2 protein chains.
Amino acid sequence: MIQSGSPTLEQVAALAGVSRATVSRVVNGSPKVLPDTVAAVERAIGELGYVPNRAARALVTRRTDSVAIVVPEPDSRVFSDPFFAGMLSGVSRTLAPTPSQLVLLIEPAEADDQRLLRYLRGGHVDGAIVISHHGRDNILQELAQLPLPIVFSARPLGVEVPVASVDVDNVAGARTGVEHLLSIGRTKIATVAGPLDMTAGLDRLTGYKQAMQAAGLPEVIGYGDFTADGGEQATLRLLDDRPDLDALFVASDLMATAALRVLAGRGRRVPADVAVVGFDDSVLATTTTPKLTTVRQPVEQLGARLAEILLAKIAGADLTTPEIYSTELVIRDSA
Amino acid sequence: MIQSGSPTLEQVAALAGVSRATVSRVVNGSPKVLPDTVAAVERAIGELGYVPNRAARALVTRRTDSVAIVVPEPDSRVFSDPFFAGMLSGVSRTLAPTPSQLVLLIEPAEADDQRLLRYLRGGHVDGAIVISHHGRDNILQELAQLPLPIVFSARPLGVEVPVASVDVDNVAGARTGVEHLLSIGRTKIATVAGPLDMTAGLDRLTGYKQAMQAAGLPEVIGYGDFTADGGEQATLRLLDDRPDLDALFVASDLMATAALRVLAGRGRRVPADVAVVGFDDSVLATTTTPKLTTVRQPVEQLGARLAEILLAKIAGADLTTPEIYSTELVIRDSA
DNA sequence: TTGTATGCGTTATCAA
DNA sequence: TTGATAACGCATACAA
């Protein structure tokens, strides 16, 4: 609607004294154009301030030069999650040097999946990255079967077909966190788990169980939902049930901040009385008192890798396997 | 590249036994089509799973049905800022029921403004929202003068032409925060200010000064940069210079978390010895110990309003004035 | 190496 | 109310 006076290939061609086709070749970097011609065309382009019309190009190439980030999650909590922020950062950094633009697809509150699927099926984007922080949405299966290059940010629960995905080894990460608590002499270690309909919640609980079983210690499990409130409730219950706890493995930093607050409220010193290990190493980990010892996942790198895989798939690569990266224990003051 | 078999208007027309033009009318909800015809066309559309080709449509209508969120800020810190998250949430919620898609434009690390400006000038989007958290970028002036509907998330510093913008009254908000500290009997009130090349940093400092002057009290100012580290340094310096402080007005929640940690480290009780008021009411405000008393800005609503204004401008409205919303003091435990 | 001609899928203008 | 037809700006097969 704006660029009514925007110059076209035609006008550049006229000014440069060549044909439209030649200008097109120059614009697209075709090798077989005489240097002189190239120079003339580029001069004309500069003079006119020519910019290719994306719509016209997309119409004939059938490529849109844009990829979607799909967030099948009406909840605005997703945005304030440092996980999402890191992903976005990694993805956009990888896309920056390419011609591809990033389109954000949020599932509207009414949750009409069909609108989203129709959009993706409509060829408006060349591919999609699904930030499926929450699992078991029945939309995941449909997304996975779309005739469109697609990558998931975590193994999508409940999806049977093989799909490309990028994630950390949540099981091993959790195990490492618990093993650290064991190594500093704690034996009454409880966990505040995440929701079990998410890969992250499920796998981190598994890691906790593995470490406890290997140590021959009894499991004490509280269930949260990856929110601060949920973490608070779970911690309160755990403390009531097992007043003698000496350590807490909390499945996310956000829930860990709540746990720290609850412990302070109950007069328990951290880490002297109760040691606490979180998961994420998000910005929250350094804003707490004491600073949080936590299991770091390289979120930005995951996002970058997600974008790389998608670009490769768009270019024709056949990638349908999960990629798993490792975590790293970051020891600060809480354990 | 994908939708090679995607049905076109032509095919729908053939199946429905009408012309392309008529199908187009039905798709675009033209009132003057016979109900019977509409029904026939819709049946064909459903049967074929027809989805309009956006590129073809954009080519002729010269509208792209997409708007950009521009982040002239290579720093990935922007993403992890709850401010950005809230904005995004508000914008996307407002856009959801419209046909417009959200394109994310991040300035790549090399900071080549020209690429960004060329894209915006190229008619790839119908309008743009600039999240200009940082000010004085010299790109702001160029953005403001683009022949494109544009809205700023804060009064852009250093831009002389009138532009549409949405922000809170940072001056009044800060004043309210300081007045609360005064009302609970504090008199030795320092501030940890934000950077002065940002609207938010500048205005909140002004608000602090106004309140202190009105109370006839001396100003004690430390300068941070809206990061946790900066807040920590500034707080340490303040405490060294004025050991007798009894209150702190910190210009952002993130810096306030750092201040709380420093105070705890120095053995000062909050709020008994030193009362602390933050600014934002982001998720951080409830993850600290004690929970933060802070000045709330309705970030999501600002984002929503930003989108509304942009849509209005795209529709032809001539809006080039700032809109200022008010803040609200949220009293928790730190003051 | 360059130019000509054609078509991509849609909307809009003008007749019918 | 509907249909035929001409753009929209570009890339590419084919010719020269």
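Just so you know, these numbers come straight off a predicted model, no measurement behind them. Any value given below was found using the heavy atoms of this structure, including those in side chains, with hydrogens, waters and symmetry copies removed. Here is the naming used below: chain letters follow the sequence lines, and residue numbers restart at 1 for every chain.
- Take A:Glu47 and apply the salt bridge (Lys or Arg N to Asp or Glu O under 4.0 Å) test, not counting sequence neighbours, and it matches no residue.
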Only pairs under 3.5 Å count here: list side-chain donor-acceptor contacts from residues 301-309 of chain B, not counting sequence neighbours, and write none if there are none.
| unit_1 | atom_1 | unit_2 | atom_2 | d |
| --- | --- | --- | --- | --- |
| B:Arg305 | NE | B:Glu323 | OE1 | 2.8 |
| B:Arg305 | NE | B:Glu323 | OE2 | 3.4 |
| B:Arg305 | NE | B:Tyr325 | OH | 3.4 |
| B:Arg305 | NH1 | B:Glu308 | OE1 | 2.7 |
| B:Arg305 | NH2 | B:Glu323 | OE2 | 2.8 |

So which protein nitrogen or oxygen atoms get under 3.5 Å of nucleotides 5-8 of chain C's nitrogens or oxygens?
| unit_1 | atom_1 | unit_2 | atom_2 | d |
| --- | --- | --- | --- | --- |
| C:dT6 | O4 | A:Arg20 | NH2 | 3.1 |
| C:dC8 | O3' | A:Arg62 | NH2 | 3.1 |

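- Evaluation of the salt bridge (charged side-chain N to carboxylate O under 4.0 Å, His left out) test over residues 28-43 of chain A, restricted to residues two or more places apart or in two chains, returns none.
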Show which side-chain atoms of residues 314-322 of chain A pair as donor or acceptor with protein atoms under 3.5 Å away, not counting sequence neighbours.
none

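- A:Leu9 has its CG atom 14 Å from the P atom of C:dT4, to the nearest Å.
- The CD-C1' distance, from A:Glu10 to D:dA7, rounds to 13 Å in whole Å.
- For the segment residues 34-47 of chain A, the set of residues with a heavy atom within less than 4.0 Å of an atom of DNA chain C comprises A:Leu34, A:Thr37, in numerical order.
- The distance from the CG atom of A:Leu148 to the CG atom of A:Leu143 is 9.5 Å, given to the nearest 0.5 Å.
- Looking only at side-chain heavy atoms (C-beta outward), A:Gln101 and A:Asp65 stay at 4.5 Å or farther from each other.
- Here the straight-line distance linking atom CD1 of A:Ile69 with atom CD1 of A:Ile131 works out to 5.0 Å at 0.5 Å rounding.
- Note: A:Leu88 CG to B:Leu88 CG = 7.0 Å, rounded to the nearest 0.5 Å.
- A:Arg20 meets the salt bridge (Lys or Arg N to Asp or Glu O under 4.0 Å) test with A:Glu10; sequence neighbours excluded.
- Listed for the B:Asp126 side chain is no donor-acceptor partner under 3.5 Å among the backbone atoms of B:Val67.
- Rounded to a whole Å, the CG atom of A:Asp65 is 14 Å from the P atom of D:dC10.
- Remark: A:Tyr119 engages A:His124 in a ring-ring contact (aromatic ring centres under 6.0 Å, His included) (not counting sequence neighbours).
- In this structure B:Thr94 satisfies the side-chain hydrogen bond (donor to acceptor under 3.5 Å, both in side chains) test with no other residue, sequence neighbours excluded.
- Regarding contacts with the backbone of D:dG3, a side-chain N or O of B:Thr22 is found under 4.0 angstrom from either OP1 or OP2.
- Rounded to 10 degrees, the angle between the two end axes of the helix from C:dT1-D:dA16 to C:dA16-D:dT1 is 30°, with five pairs used at each end.
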With a 3.5 Å cut-off and sequence neighbours excluded, list the donor-acceptor pairs that the side chains of residues 149-165 of chain B form with protein atoms.
| unit_1 | atom_1 | unit_2 | atom_2 | d |
| --- | --- | --- | --- | --- |
| B:Ser153 | OG | B:Ser132 | N | 3.3 |
| B:Arg155 | NH2 | B:Asp203 | OD1 | 3.0 |
| B:Arg155 | NH2 | B:Asp203 | OD2 | 2.5 |

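- Rounded to whole Å, the distance from CD on A:Gln11 to C1' on D:dC8 is 13 Å.
- Near-neighbour residues of DNA chain D inside residues 23-33 of chain B, defined by a heavy atom below 4.0 Å, number-ordered: B:Arg25, B:Lys32, B:Val33.
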